Amino acid sequence: MSSQTIQVRFFASLREQLGHGEVEISTDSVETIADVWQRSTDGKQMPVNTLMAINMEYVEASHPVQPGDEVAFFPPVTGG
Amino acid sequence: MSSQTIQVRFFASLREQLGHGEVEISTDSVETIADVWQRSTDGKQMPVNTLMAINMEYVEASHPVQPGDEVAFFPPVTGG
Amino acid sequence: MLVELRPEPFEPYHELASYQESIAAGQYGATAVFVGSMREFNEGDQVQKMWLEYYPGMTEKYLESIASEAMSKWDLLDVLIIHRTGEVSPSDSIVLVAVWSGHRAAAFEASRYLMEELKSRAPFWKKEQLDHKSRWVEHNTPAK
Amino acid sequence: MLVELRPEPFEPYHELASYQESIAAGQYGATAVFVGSMREFNEGDQVQKMWLEYYPGMTEKYLESIASEAMSKWDLLDVLIIHRTGEVSPSDSIVLVAVWSGHRAAAFEASRYLMEELKSRAPFWKKEQLDHKSRWVEHNTPAK
């Protein structure tokens, strides 16, 4: 059931390094954004300066997550 | 002879108050911009904030003048 | 107030003239505009093309939030932000930011604020195509 | 680098697009633009028309000197200044200042510098025509 999962998105160089732009993870024992990273990357080290968002708002790694959330990880932005 | 005179110009509200935009004065005993004002306005009081230029460059009232110079007096600028 | 992402090239001064028709003429005394364009070189290398990735949904939301913030921080009549996405060629416009206000101080400050917020936080990422390789741009230059 | 006085109305974004064709595309990454326009009111009064007096010779010389100064203070590719003269109607553009540079900091700083110098020292004077009288504008608002 999608309400028991979290959608995880990766962008730019992070997407290329991990080999995918989007995964769905189960929420079992996933409480924070940091946990989402661990689960969705098989425990890889998070690059320094990685930015994080939950439901398209910037948050810190300690921010809690809930089933149904969309979480995103991406490198420093370079627009404009 | 024009080389023994100074051309004096007034702009904007100063031009309207004095009733003319341009006069020619003789250089006899006229040494500074302040003297030019005295001579060209019949000794009127100079309004506070009056700006002064000699040969189209800003100067102070104490700046010396020479025959052939063009001297201008005008109020604070309001362009842009 | 308008925020738009554009997958195709746009002509910033044409956009400005056209958008400005929607703003009451005679009400604004000051318009400050910034246009960012793609240069054909970066860090000593010729750049052939650029890929501008973004986060659909979040990018628009973020740009709308800084536009609203600028409208509330300064006395502005209007804000326009257009940002390119996708494949970009040298000399193409990347970003257009414009603000309309009564007086110049608000216009200058708001336009700079918007560009600094956009450069430091808006979810866009540039990948440059050089002669023989491609690379992600790692970070934007700070405001200094 | 171009400085021009215009006795007739001008369309700033058309001027910009046209002037920019003379600058090598792909060389500049940042363009900062300021446009000052005539509002239909000032200090609580409706303004019907405005008369923009200037000092022929000195005004051009002064604008050219600040454009050159900006080029030497910052790393700019080009500077454009257009200023209206004579009879001006509400919503007409009064001044256009544009600078092109590699990066945004120089563009923002130089455009603001030019406008502050122009507003505080360029020999222009505005006389406003109200419903039943006319008056000289006494001073510009400070940079704040």
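Remember, it's a predicted structure, so these values are computed and weren't measured experimentally.
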Nearest 0.5 Å please: distance from the CE atom of C:M38 over to the OH atom of D:Y28.
13.0 Å
Taking every heavy-atom pair that is under 4.5 Å apart, which of D:A30, D:S93, D:S89 has the most such pairs with chain C?
D:A30
Could you check which of D:G36, D:A25, D:S37, D:P12 has the highest count of heavy-atom pairs closer than 4.5 Å to chain C?
D:S37
For D:V33, which of C:V33, C:L16, C:T31 qualifies under side-chain contact (heavy atoms from CB on, under 4.5 Å)?
C:V33
So which of D:G102, D:A107, D:A98 has the biggest tally of heavy-atom pairs under 4.5 Å with chain C?
D:G102
Distance-only criterion, 3.5 Å: show the donor-acceptor pairs between side-chain atoms of residues 3-10 of chain D and protein atoms not counting sequence neighbours.
{"residue": "D:E4", "atom": "OE1", "partner": "D:R6", "partner atom": "NE", "Å": "2.8"}
{"residue": "D:E4", "atom": "OE1", "partner": "D:R6", "partner atom": "NH2", "Å": "2.7"}
{"residue": "D:R6", "atom": "NH1", "partner": "D:E15", "partner atom": "OE2", "Å": "2.8"}
{"residue": "D:R6", "atom": "NH2", "partner": "D:E15", "partner atom": "OE1", "Å": "3.0"}

Report, as yes or no, whether the 6.0 Å neighbourhood of atom CD on D:Q48 holds more than 12 heavy atoms from other residues, nucleotides or ligands.
yes
Would you say the side chain of D:E116 lies within less than 4.5 Å of the side chain of C:R104, judging by non-hydrogen atoms?
yes
Atom CG of D:D75 with >12 non-hydrogen neighbours under 6.0 angstrom:
no
Mind checking the OG-CZ spacing from C:S111 to D:F108? Nearest 0.5 Å is all I need.
4.5 Å
For residues 56-72 of chain C, give me every residue with a non-hydrogen atom less than 4.5 Å from any non-hydrogen atom of chain D.
none
Which pair of non-hydrogen atoms, one from C:E40 and one from D:Q27, has the smallest distance, and what is that distance?
OE2-NE2, 2.8 Å
Based on non-hydrogen pairs under 4.5 Å, which of D:E11, D:K119, D:H103, D:H14 is most in contact with chain C?
D:K119
